[in-house]
Amino acid sequence: DIFRRRASEFLRDYFPDVPTHRIRHLMNCDLVVFNPEVLLLKAGDAVDAVYLILSGTVEMLGTAARGGSQLSAGSLIGESPALMELGSEFTYRAVGFVRALKVPVDIYRDFVTRSTLYRRIVQGNERREALRRSTLFSEGVSDVTLNRLVAKARRAGYAKGRSLAPPVNKVVVIQSG
């Protein structure tokens, strides 16, 4: 099945250091289809599953101050709240028909714990969301791509009034200031 193959590829890209047999465990989870306008998760609600988007587009709706973003295939929805046992920070709505791998929270937590990924995922999510809040990365960039950027990104702080040389072959995202 093409969607199972796609899920396997996304999971291998998302978790490159995890043995294949552990990733196959996630592959046994259900494939689900969401109709247009259906809510996958609602802000504040408990998260019962993590969704890996395999096709279609999902809109991530935030507060009025934060606006929204569009998530594409390869994005994981509900990962941080599932791991930290919190309610969803955002509402996620299917823009059109969306196919996803639905991984129950207990299975996902077990996978992350056994693979010793918890710290890396939580820290990576903070940096990934910072990128997603920028207009450059707010629409149509998958979590796989954002993870690659986060892995290569370097944080830097600069004193007030200091001028910066234009970057060569790099993108600079100013988080604050």
_I want to check something: taking the side chain as every heavy atom from C-beta on, are Leu101 and Leu11 in contact at a cut-off of under 4.5 Å?_
yes

_If you apply the rule side chain to side chain contact (heavy atoms under 4.5 Å, CB included), what do you find for Thr57 with Val98, and how did you get there?_
CA-CA 6 Å; Thr57 304; Val98 170; 5.8 Å; no

*Determine whether Leu40 and Ile53 make a side-chain contact, defined as any pair of heavy atoms from C-beta on separated by less than 4.5 Å.*
yes

*So how far is it from Gln70 CD to Glu59 CD, rounded to the nearest 0.5 Å?*
5.5 Å

_Spatial distance of atom CG (Leu61) from atom NZ (Lys42) [nearest 0.5 Å]_ = 12.0 Å

_If I take atom CG from residue Leu76 and atom CZ from residue Phe10, how far apart are they, to the nearest 0.5 angstrom?_
10.0 Å

*Show the numbers, then the answer: is there a side chain to side chain donor-acceptor pair (under 3.5 Å) between Ser8 and Arg12?*
CA-CA 6 Å; Ser8 176; Arg12 274 195 287 255; 3.1 Å; yes

*Classify the ring geometry between Phe15 and Tyr108 as parallel (under 30°), tilted (30 to 60°) or perpendicular (over 60°).*
tilted

*Should Asp45 and Ser88 count as side-chain neighbours, where that means a heavy-atom distance under 4.5 Å?*
no

*Will you find, in the side chains of Glu79 and Tyr14, an N or O donor that is under 3.5 Å from an N or O acceptor?*
yes

*Under a 4.5 Å cut-off applied to non-hydrogen side-chain atoms, are Val50 and Leu52 in contact?*
no

*Check whether Leu41 and Val38 end up in the same hydrophobic cluster, where Ile, Leu, Val, Met, Phe, Trp and Tyr are linked by side-chain heavy atoms less than 4.5 Å apart.*
yes

*Distance, nearest 0.5 Å, that separates CG of Asn35 from CD of Glu37*: 10.5 Å

*Would you say Arg93 and Met60 make side-chain contact, with heavy atoms under 4.5 Å?*
no

*Val47 reachable from Leu39 in the ILVMFWY side-chain graph, under 4.5 Å edges*: no

*Measure the CZ-CG distance between Arg6 and Asp1 for me, rounded to the nearest 0.5 Å.*
10.0 Å

*Compute the centroid of each ring, for Tyr92 and then for Tyr51, and state whether the two points are separated by less than 6.0 Å.*
no

*Given the rule that I, L, V, M, F, W and Y join up when any side-chain heavy atoms are under 4.5 Å apart, are Leu71 and Val32 in one cluster?*
yes

*Kindly work out whether a path of hydrophobic side-chain contacts (I/L/V/M/F/W/Y, heavy atoms less than 4.5 Å apart) joins Phe3 to Met27.*
yes

*Transitively linked via ILVMFWY side-chain contacts under 4.5 Å: Ile2 with Phe97?*
no

*asked:* Does Phe111 form a side chain to side chain contact (heavy atoms under 4.5 Å, CB included) with Val18? I'd like the steps, not just the answer.
replied: CA-CA 10 Å; Phe111 169 80; Val18 174; 3.7 Å; yes

*Decide yes or no for Val58 and Ile77: does some side-chain heavy atom of the first lie under 4.5 Å from some side-chain heavy atom of the second?*
yes

*Measure the CG-NZ distance between Leu31 and Lys102 for me, rounded to the nearest 0.5 Å.*
12.0 Å

